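Treat the numbers as computed from the prediction; the structure is a model and nothing was measured. Indexing begins at 1, ligand by ligand and atom by atom, following the structure's order. Along the sequence shown, the residues carry numbers beginning at 1.
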Amino acid sequence: MAVHTVSLTIRMVGDTQVDNITKSVADALAGSNLKAGIVTVFVKHTTASVMIIEDEPGIRADTKTFWDRLVPPDPRWQHNIVNLGEENGHSHLRGQLQGPSVTIPFTDGVLLLGIWQRIVVVDFDTRARMRELVVQVLGE
Ligand code: ZN
């Protein structure tokens with residue numbers, strides 16, 4: 001059993017922006033030289049999430065609409081009231097609900113994604129930021 005860890009840094013603009021990182025994850029897996037195991041993709045922030053989606057423009061638009069309806073921006077979120085100047089209470093709640101990571105199995109050095117499945121990071125925050133992710137390959 002071996003572990004191979006790669007860090008990714010991505011500039012994102014927030015507002016439920018979706019960034020497809022599937023190729024970066026596949027590159028990290030290739031760099032590990034491992035043949036079978038699991039890959040964990042983890043974002044190191046409380047206002048962003050990693051998820052698996054079908055990546056096409058309609059789904060991207062629907063993803064934003066879905067989160068805006070489910071957890072809307074609201075000045076009454078306590079995070080915005082207690083932390084003067086913060087306006088991203090909804091961003092934190094979305095991150096809590098979706099979670100920071102996904103795990104994908106691989107064999108023969110290839111991610112076992114379904115034909116339409118893509119790995120994306122979604123930034124729920126209200127301003128542009130640099131986002132740090134960890135891709136950790138565990139296998140043999
Ligand atoms: Zn905040």
S.K.: Between Lys35 and Asp108, does any side-chain N to carboxylate O distance fall below 4.0 Å?
M.R.: no
S.K.: Write the atom name of the N, O or S atom in His79 that is nearest the Zn ion (ligand 1).
M.R.: NE2
S.K.: Any ion pair linking Lys64 and Asp15 (charged N to carboxylate O, less than 4.0 Å)?
M.R.: yes
S.K.: Find, among atoms of Glu86 that are N, O or S, the one nearest to the Zn ion (ligand 1), and state its name.
M.R.: OE1
S.K.: Atom CD of residue position Gln136 - does it have more than 12 heavy atoms of other residues, nucleotides or ligands inside 6.0 Å?
M.R.: yes
S.K.: Using 2.8 Å as a strict upper limit, say whether an N, O or S atom of Thr46 approaches the Zn ion (ligand 1) that closely.
M.R.: no
S.K.: Is Asp68 paired with Arg94 through a side-chain N to carboxylate O contact shorter than 4.0 Å?
M.R.: yes
